[in-house]
Protein chains: 2
Amino acid sequence: MLERHELEAFLTLAEELHFGRTAERLHVSTARVSQTVAKLERRVGALLFNRTSRRVELSLVGRQLYEEIRPAWSQITAAFERAVDSGRGLTGVLRVAFNGPAAGQLLVGVTQLFRDRHPDCDVQIREANPSDVLPWLRAGEVDLALACHPVREEDVVMGPVLVREARMLAVPAGHSFARRATLSVGDLERVTVLQHPETSCAPTAMTVNELLTLVGAGEGVGVVGAHTRRYFARPDLAYVPFENAEPVEWGLLWRSDGATARVRAFGDAALEVAQG
Amino acid sequence: MLERHELEAFLTLAEELHFGRTAERLHVSTARVSQTVAKLERRVGALLFNRTSRRVELSLVGRQLYEEIRPAWSQITAAFERAVDSGRGLTGVLRVAFNGPAAGQLLVGVTQLFRDRHPDCDVQIREANPSDVLPWLRAGEVDLALACHPVREEDVVMGPVLVREARMLAVPAGHSFARRATLSVGDLERVTVLQHPETSCAPTAMTVNELLTLVGAGEGVGVVGAHTRRYFARPDLAYVPFENAEPVEWGLLWRSDGATARVRAFGDAALEVAQG
DNA sequence: ATGTCTTACGGAAGACGTAATAATA
DNA sequence: TATTATTACGTCTTCCGTAAGACAT
């Protein structure tokens, strides 16, 4: 008595706190989520969520239940995944997200190696905007993402660093910094730094192109990785390296409860390609 | 993807290793168990059980899966039970097994107190043969059992001792021991001791009456608790106390993953009745 | 030959989506 | 008024038991 679909509806709603998004993640209608949760609450005998048509939040019993069953259910799904993997070897689909042409190019090589080794496992690559990466991972829309480290989230694991590149500043072509050979981090205090999703949690630009356009328009400057200079050379911009900044590091991300054999095997392939 | 009914069919079959008993525990037909497991195996891509129509045993992947999933699922069901308890207070049914008239009499008092405190929770009492106690607990047919301590099983928990009584020996009326005021444990070496389910794992008598009948027929002697003398006084038997034996101890037993609020509340009531 | 697992098939339960409704900010 | 949760209802999947079959001892 506590069906899988009820469990997942409850867990997902507890995370999303929104019937629409929950339904989307579960690929069902919002009506179904509502009815499923309502039925569960009737059986428990108490509201699991306090909600109006505008806000959803966990009740006390709901929170307690969530905390107790979330890790256990992750364990079960992971164990099942492992059983499938050892049952049929590496099969199924592995969905990988990336952001930016440099990451894409790296993934091409990794994917070739992976497909070579595991021909029965399908690999699907999707480009993501930086702000999509974590939501996609959390929703299970992708199993892996190649993104900028560091991501400090409890439910997401970072793999080893695959690429390290110099941190550079994108400035308008006419800016005084454009004539400098190098910059120091201290120089940033004298200019407006536009936030960029790869390096910040509160972005003003959702994509690299948006950021660079803003910089070109003189709205400010932007911190980017060295690859940007190669892939996004523009007449209205100049890129100047820092002399004392930490490098930008790229690596794979996956959900901490999503470390399936597929994910681990892809991580192995990625590390080999990056090192070789 | 791993429905509750599949999970329970798998876990139960892994414990019973028998489709018929599994079906019985799950209250479904054996055909259903067979189809459910078969479907699960198709999805995993490997046999979970090696079986003929005569023998069922866990495969390697099956064993791995069982060990990883068993504790997690227990956690989930227990958490759900707790949610229901805190949601509607103590409701539902509590099924308690006991063995022997003395235990039954104690349970009458405990049940009265429990019903007084938790009028919304139904209590069902069933008498069990000593050999039924553990199977019934494991199958979830009862939530609690009042039985002889000690039971040393990993999946069964013993509550505190509720009753302590002298250990006595049942002997034929004409036996030389029948004229003794007391016996020592050493005396047992000179006679045939019939095993009794309450005190042994390899019984020759399934019930107390069977044991006493055998003793009366001169087949041997039997070790029993003092209450037996009161409830099973027979002309063909004599009961003689030991002077140096450990007392017989009675207490409640429940499944280690079945410590619901109902079970705990009944345990509390039992302890109060036994002490008061 | 008997007990046990599996296959075949018809019926019922309930999970699902669409569309209309209620409620909140 | 717009957004979001809930209710109503018809469809369809699939879970289920019965009964017959296959298999091993």
Side-chain angles (χ1 to χ4, degrees), chain A residues 1-59 61-63 66 73 77 80 87 135 139-140, chain B residues 1-59 61-63 65-66 73 77 80 135 139-140:
Chain A
M1 314 295 150
L2 204 183
E3 304 301 324
R4 190 230 54 192
H5 71 271
E6 295 175 320
L7 216 128
E8 300 215 308
F10 167 69
L11 288 175
T12 309
L13 184 59
E15 283 156 17
E16 294 290 348
L17 297 177
H18 186 283
F19 283 75
R21 287 196 298 273
T22 300
E24 206 174 342
R25 267 179 64 171
L26 263 25
H27 303 112
V28 296
S29 67
T30 64
R32 190 101 302 275
V33 177
S34 175
Q35 289 180 341
T36 303
V37 171
K39 187 174 176 183
L40 194 52
E41 287 175 323
R42 275 201 305 280
R43 289 227 303 288
V44 170
L47 254 38
L48 264 12
F49 299 90
N50 300 320
R51 53 194 184 278
T52 68
S53 65
R54 292 306 270 196
R55 198 210 337 279
V56 179
E57 59 184 24
L58 274 167
S59 72
V61 265
R63 175 176 308 280
Y66 175 76
W73 184 245
T77 53
F80 181 66
Chain B
M1 314 296 144
L2 205 185
E3 304 302 323
R4 190 228 68 204
H5 71 273
E6 295 175 320
L7 206 99
E8 300 215 309
F10 167 69
L11 288 175
T12 309
L13 184 59
E15 283 156 17
E16 294 291 347
L17 297 177
H18 187 284
F19 283 75
R21 287 196 297 273
T22 301
E24 205 174 342
R25 266 180 64 172
L26 262 24
H27 304 112
V28 296
S29 66
T30 65
R32 191 101 302 274
V33 176
S34 175
Q35 290 181 341
T36 302
V37 171
K39 186 174 177 184
L40 194 52
E41 287 175 323
R42 278 200 304 279
R43 290 226 302 286
V44 170
L47 254 39
L48 264 12
F49 299 90
N50 300 320
R51 55 191 183 278
T52 69
S53 65
R54 287 311 262 198
R55 195 202 351 274
V56 179
E57 59 186 23
L58 274 167
S59 72
V61 266
R63 176 176 309 280
L65 187 63
Y66 175 76
W73 184 245
T77 53
F80 182 66

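Quick note on labels: first sequence line is chain A, next is B, and so on, each numbered from 1.
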Inset, instruction - Starting from P on dT4(C), measure out to CD on E16(B) and report it in whole angstrom. - result: 13 Å

Legend entry - Side-chain donor/acceptor of S53(A) to base of dA23(C), under 3.5 Å: yes

Legend entry - Closest-nucleotide ordering on DNA chain D, the 5'-leading residue of Q35(A) and R54(A): R54(A)

Inset, instruction - Look up atom CG in L13(B) and atom OG1 in T36(B), then write down how far apart they are to the nearest 0.5 Å. - result: 10.5 Å

Inset, instruction - May I ask you to verify if any side-chain N or O of R51(B) is less than 4.0 angstrom from the OP1 or OP2 atom of dT6(C)? - result: yes

Inset, instruction - Between E3(A) and R55(A), just flag the one whose closest nucleotide in DNA chain C comes earlier from the 5' side. - result: E3(A)

Legend entry - Spacing of L17(B) atom CG relative to dC5(C) atom P, expressed in whole Å: 10 Å

Inset, instruction - Apply side-chain contact (heavy atoms from CB on, under 4.5 Å) to E16(A) and R25(A), showing your working. - result: CA-CA 9 Å; E16(A) 294 290 348; R25(A) 267 179 64 171; 3.0 Å; yes

Inset, instruction - Would you mind telling me which of dG17(D), dC16(C), dT4(D) lies closest to the side-chain atoms of R32(A)? - result: dC16(C)

Inset, instruction - Calculate, to the nearest 0.5 Å, the distance between atoms CG and CG belonging to L40(A) and L47(A) respectively. - result: 11.0 Å

Inset, instruction - Tell me whether the OP1 or OP2 atom of dG17(D) has a side-chain N or O from S29(B) closer than 4.0 Å. - result: yes

Legend entry - Among dA25(C), dA19(D), dT18(C), the nucleotide that comes nearest once only the side chain of A31(A) is considered: dT18(C)

Inset, instruction - Answer with base, sugar-phosphate or nothing: what part of the nucleic acid does V33(A) contact at a heavy-atom distance below 4.0 Å? - result: nothing

Inset, instruction - Ignoring backbone atoms, test whether K39(A) places a side-chain nitrogen or oxygen under 4.0 Å from the OP1 or OP2 oxygen of dA15(C). - result: yes

